[in-house]
Enquirer: 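Before anything else, here's the structure in question.
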Amino acid sequence: MKHAIFLLSFLLLGPALLCGIDLSQRKAAFAHYTAWHVPENASHVVGRYYNYPLHHASGSAEEDHKAEIRQAIAQGIDGFFVDVVFHEGQPAHYVDNIASLLKAAEGTEFTVGPCLDRKTSIDHQVSELKTLLDNCANHPNFPHWGNRPVLVTYTCLQWTPDEWREIRRRLKEAGYDIFLVGNFRFNFDQIDFEKLKTYRGVFDMAYSFAEAGLNGVPSGKSVAELRDFSEENGMKWMAPMWPGYYGGWMARNDFYQPFFGFDQLHDNFLAVDPARDRWMHFTTWNDHDESSLLPMAFTWGNAAITRAYTDAFKGVKPVGKEPSVLFAYHREALPGTLLRIEALTLPVALDGKAAVSGKLLDSAGKPVFDLPEKQLSLGAFDRAEWFIPTAGLAASPLLIPEFTVKTAQGTETRELPAIVFSSSWLQNAVTVKVPFRDMLNFPNTFDVSQEGNLLSAKITFDAPDALEEAVLWCNDRPIAAFRPEESGK
């Protein structure tokens with residue numbers, strides 16, 4: 001009887017065992033998620049962003065979230081960290097979206113947790129975090145490190161070390177021994193390691209939300225220094241993956257940090273150390289002002305790229321039996337500037353090389369510039385580039401890249417999305433990223449007629465697969481969508 005009483009007391013006084021997915025022994029890749037860009041409102045952002053999501057809302061928010069999670073899993077993403085915005089005197093914003101995503105993730109291994117954004121008071125922060133954890137931490141899809149719920153931060157350095165220690169102490173008293181991930185990002189400033197030393201013992205893991213070399217130090221060097229510092233000070237490291245900042249050009253800002261074709265994201269990938277980095281973090285899944293990695297109008301190639309990077313990080317060997325070649329270039333160009341087109345191969349289970357060559361076509365389909373052959377490896381990440389002076393090519397309003405890829409498996413030629421000349425100012429700063437094999441060539445006709453103020457368009461095509469929709473563009477903007485349920489065909 002004495003033993004039974006002692007055991008009962010231990011169970012009552014010990015820490016509560018939380019449900020959730022333990023990621024402490026797993027390589028995992030996450031993406032930052034902005035809850036103000038949810039799949040059910042994807043169609044509304046077409047008028048606000050040149051590069052918009054390809055997802056079509058179903059009318060059910062839960063089904064749309066399930067589809068979004070399936071897409072993320074297909075891209076090698078293991079979870080979202082949802083941006084939770086704190087305002088003093090208000091409930092934390094977007095906690096409900098975490099609950100919705102957790103519900104949609106049920107039955108999968110996909111996790112959904114918070115990323116803490118903005119600074120308020122300690123009392124407010126603790127109160128709102130306790131509410132969040134009370135409602136979500138026991139969900140089977142909430143991320144944990146062992147028995148500790150994971151909280152990622154965005155604005156962590158706005159808090160002092162002592163403020164964080166007090167927040168942690170109060171949450172632990174409330175039953176939550178949190179696993180806290182700090183964001184060590186300094187933007188245009190040099191990394192202040194002396195400041196970071198004062199946070200020793202505060203964070204369990206660290207990362208940089210966007211490491212871009214803005215301070216004049218190559219991003220790979222900064223990542224290596226931050227990783228070394230974190231490990232030397234008792235923290236694990238989450239590898240940052242950031243492709244560039246697109247900017248909300250039609251929505252609210254024209255802030256831009258270049259993508260350099262594939263280079264910015266690939267340089268981050270080259271800085272990853274799978275033997276030391278515990279997790280990987282992509283910025284972002286769906287912040288269209290920042291840069292979205294879900295399939296978008298001009299950048300659906302990101303789906304294959306993120307999968308290749310996450311597979312390499314997790315040690316998954318390539319299994320593809322077809323060449324995987326992608327191309328990147330600016331959608332718009334000022335006449336007279338130097339145009340760069342870049343090719344990237346993603347690893348597949350093939351030996352040998354791909355011979356890649358091409359030409360630029362004018363608006364009438366006439367070749368106006370040759371792109372000489374480059375050799376790229378098929379079984380590894382490999383890159384090539386072409387530089388094109390455009391001063392003598394601006395008689396055409398656009399240029400159409402046409403590439404030929406020749407391998408031991410055969411030869412294919414495809415046309416890629418056009419490069420549009422803009423003679424005043426660049427309006428669409430997106431960097432096109434497209435997979436070569438996804439570009440289908442098939443017979444089609446397109447007729448436009450006008451009667452009064454009514455503009456009519458007719459499309460005929462003979463495609464090997466059913467087309468989900470065709471989008472009519474005018475002046476580099478979508479103005480109408482043709483879909484079977486609307487046209488009756």
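Bear in mind that the values here come from a model prediction, so they are computed numbers and not experimental data. When a residue number appears, it is its place in the shown sequence, counting from 1.
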Enquirer: Are Lys119 and Glu163 within salt-bridge range, i.e. N to O under 4.0 Å?
Expert: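 Answer for the salt bridge query: yes.
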
Enquirer: If you measure from CZ on Arg383 to CG on Leu344, what distance do you get to the nearest 0.5 Å?
Expert: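 With rounding to 0.5 Å, CZ (Arg383) is 7.5 Å from CG (Leu344).
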
Enquirer: Decide yes or no for Leu116 and Gln125: does some side-chain heavy atom of the first lie under 4.5 Å from some side-chain heavy atom of the second?
Expert: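 They are in contact (side-chain heavy atoms under 4.5 Å apart), so the answer is yes.
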
Enquirer: Using a strict cut-off of less than 4.0 Å between a Lys/Arg side-chain nitrogen and an Asp/Glu carboxylate oxygen, indicate whether Asp83 and Arg118 qualify as a salt bridge.
Expert: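 Salt bridge: no.
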
Enquirer: If you take all heavy atoms of Lys314 and Ala29, which pair is closest and at what distance?
Expert: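 Where Lys314 meets Ala29 most closely, the heavy atoms are CE-N, 4.2 Å.
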
Enquirer: Would you please test Arg340 and Asp263 for side-chain contact (heavy atoms from CB on, under 4.5 Å) and show each step?
Expert: CA-CA 12 Å; Arg340 179 188 185 224; Asp263 292 357; 3.0 Å; yes

Enquirer: Once you round to the nearest 0.5 Å, how far does NZ of Lys374 lie from CD of Glu342?
Expert: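 These two atoms lie 11.5 Å from each other.
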
Enquirer: Can you tell me how far NE2 of His281 sits from CZ of Phe81, rounded to the nearest 0.5 angstrom?
Expert: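 Phe81 CZ to His281 NE2: 7.0 Å, rounded to 0.5 Å.
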
Enquirer: Is it true that Thr153 and Asn183 share a donor-acceptor pair across their side chains at a distance under 3.5 Å?
Expert: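 Distance-only check fails for Asn183 and Thr153.
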
Enquirer: Can Glu68 and Trp285 be counted as having a side-chain donor-acceptor contact under 3.5 angstrom?
Expert: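 Side-chain D/A pair, Glu68 to Trp285: present.
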
Enquirer: Under the side-chain contact (heavy atoms from CB on, under 4.5 Å) rule, what do Ile305 and Phe262 come out as? Steps first, then yes or no, please.
Expert: CA-CA 10 Å; Ile305 295 170; Phe262 297 116; 3.6 Å; yes

Enquirer: Phe193 vs Glu225, test: side-chain contact (heavy atoms from CB on, under 4.5 Å). Steps then yes/no.
Expert: CA-CA 10 Å; Phe193 287 106; Glu225 291 176 350; 3.8 Å; yes

Enquirer: Using the ring centroid of each side chain, check whether Phe403 and Phe436 are separated by less than 6.0 Å.
Expert: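 No, too far apart.
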
Enquirer: Ignoring hydrogens and geometry, is there a side-chain-to-backbone donor-acceptor pair from Lys27 to Asp277 under 3.5 Å?
Expert: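 Looks like yes, one N/O pair under 3.5 Å.
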
Enquirer: Please check this pair: side chain of Ser422 against backbone of Trp425, looking for a donor-acceptor N/O pair closer than 3.5 Å.
Expert: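 Looks like yes, one N/O pair under 3.5 Å.
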
Enquirer: Are Tyr94 and Trp36 near enough that their ring centres are under 6.0 Å apart?
Expert: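 Ring-ring flag for Tyr94/Trp36: true, centres closer than 6.0 Å.
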
Enquirer: What distance separates Phe184 CZ from Arg227 CZ, expressed to the nearest 0.5 Å?
Expert: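 It is 14.0 Å, given to the nearest 0.5 Å.
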
Enquirer: Establish, from distance only, whether the side-chain atoms of Asn286 and Thr34 form a donor-acceptor pair under 3.5 Å.
Expert: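 Yes, side-chain donor-acceptor contact under 3.5 Å.
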
Enquirer: Keeping Ser100 on the side-chain end and Asp96 on the backbone end, is there a donor-acceptor pair under 3.5 Å?
Expert: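 Checked: pair present.
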
Enquirer: Is a salt bridge present between Lys103 and Glu62, judged by a nitrogen-to-oxygen distance below 4.0 Å?
Expert: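 Between Glu62 and Lys103 there is no salt bridge, as every charged N stays at least 4.0 Å from the carboxylate O atoms.
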
Enquirer: Checking Trp242 against Glu290: is there a side-chain donor and acceptor pair closer than 3.5 Å?
Expert: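 Yes.
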
Enquirer: Quick test of your reading of the model: are Asp189 and Lys195 salt-bridged, counting only N-O distances below 4.0 Å?
Expert: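 No, no charged N to carboxylate O under 4.0 Å.
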
Enquirer: Is any side-chain N of the basic residue among Asp204 and Arg278 closer than 4.0 Å to the acidic one's carboxylate O?
Expert: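 Looking at Asp204 and Arg278, the cut-off is not met.
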
Enquirer: Quick check for you: to the nearest 0.5 Å, what is the distance between Asn51 atom CG and Thr299 atom OG1?
Expert: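 It comes to 4.0 Å.
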
Enquirer: State which residues pass salt bridge (charged side-chain N to carboxylate O under 4.0 Å, His left out) with Arg185; sequence neighbours excluded, sorted by chain then number.
Expert: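 Here no residue qualifies.
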
Enquirer: Of all the heavy-atom pairs spanning Arg331 and Asn428, show the shortest one and how long it is.
Expert: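 It is CG-ND2, 3.4 Å.
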
Enquirer: Given side chain to side chain donor-acceptor pair (under 3.5 Å), test Asp382 with Thr345 step by step and report yes or no.
Expert: CA-CA 5 Å; Asp382 201 1; Thr345 52; 5.0 Å; no

Enquirer: Between Glu468 and His56, is any pair of side-chain heavy atoms under 4.5 Å apart?
Expert: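 They are in contact (side-chain heavy atoms under 4.5 Å apart), so the answer is yes.
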
Enquirer: Provide the closest heavy-atom pair for Leu360 versus Pro401 in the form atom of the first, atom of the second, distance.
Expert: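 Where Leu360 meets Pro401 most closely, the heavy atoms are CD2-CA, 3.8 Å.
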
Enquirer: Please report the interatomic distance CG(Leu180) to CD1(Ile167), rounded to the nearest 0.5 Å.
Expert: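 So the CG of Leu180 and the CD1 of Ile167 are separated by 8.5 Å.
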
Enquirer: Between Gln190 and Val217, is there a side-chain heavy-atom distance shorter than 4.5 Å?
Expert: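 When only atoms from C-beta onward are counted, Gln190 and Val217 do touch, with a gap below 4.5 Å.
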
Enquirer: What's the shortest heavy-atom distance between Pro39 and His65, and which atoms?
Expert: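 Closest approach of Pro39 to His65: CD-CE1, 3.8 Å.
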
Enquirer: Minimum heavy-atom separation for Ala212 and Ser219, please, with both atom names.
Expert: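 Taking Ala212 first and Ser219 second, the nearest heavy atoms are C-CB, 4.1 Å.
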
Enquirer: Counting N and O atoms only, with roles assigned by atom type, does the side chain of Asn141 sit under 3.5 Å from a partner on the main chain of Thr108, one being a donor and the other an acceptor?
Expert: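 Yes, because the side chain of Asn141 sits within donor-acceptor range (under 3.5 Å) of the backbone of Thr108.
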
Enquirer: I'd like to know whether Thr111 forms a side-chain contact (heavy atoms from CB on, under 4.5 Å) with Phe30, so could you lay out the CA-CA distance, the side-chain angles of the two residues, the decisive distance to 0.1 Å, and finally the verdict.
Expert: CA-CA 9 Å; Thr111 63; Phe30 300 95; 3.5 Å; yes

Enquirer: Is there any ring pair (Phe, Tyr, Trp, His ring centres under 6.0 Å) pair reaching into residues 288-320, and which pairs are they, with sequence neighbours excluded?
Expert: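 Every ring pair (Phe, Tyr, Trp, His ring centres under 6.0 Å) pair that includes a residue of residues 288-320, provided the two are not neighbours, is His37-His288, Tyr49-His288, His266-Tyr309, Phe269-Tyr309, Phe298-Trp473, Tyr309-Phe381.
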
Enquirer: Count the heavy atoms of every other residue, nucleotide or ligand shown that sit under 6.0 Å from NZ of Lys359, and state whether that count exceeds 12.
Expert: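 No, not enclosed.
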
Enquirer: Which heavy atom of Glu231 sits nearest a heavy atom of Arg276, and at what distance?
Expert: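 Taking Glu231 first and Arg276 second, the nearest heavy atoms are OE1-NH2, 2.6 Å.
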
Enquirer: Can you find a pair of side-chain heavy atoms, one from Asp289 and one from Tyr245, that are under 4.5 Å apart?
Expert: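 Heavy-atom side-chain distance check passes, below 4.5 Å.
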
Enquirer: Going by the angle between their ring planes, with limits at 30° and 60°, are Phe203 and Tyr199 parallel, tilted or perpendicular?
Expert: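 Parallel.
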
Enquirer: Tell me if the aromatic rings of Phe369 and Trp386 count as close, with their centers under 6.0 Å from one another.
Expert: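 For Phe369 and Trp386, the ring centres are not under 6.0 Å apart.
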
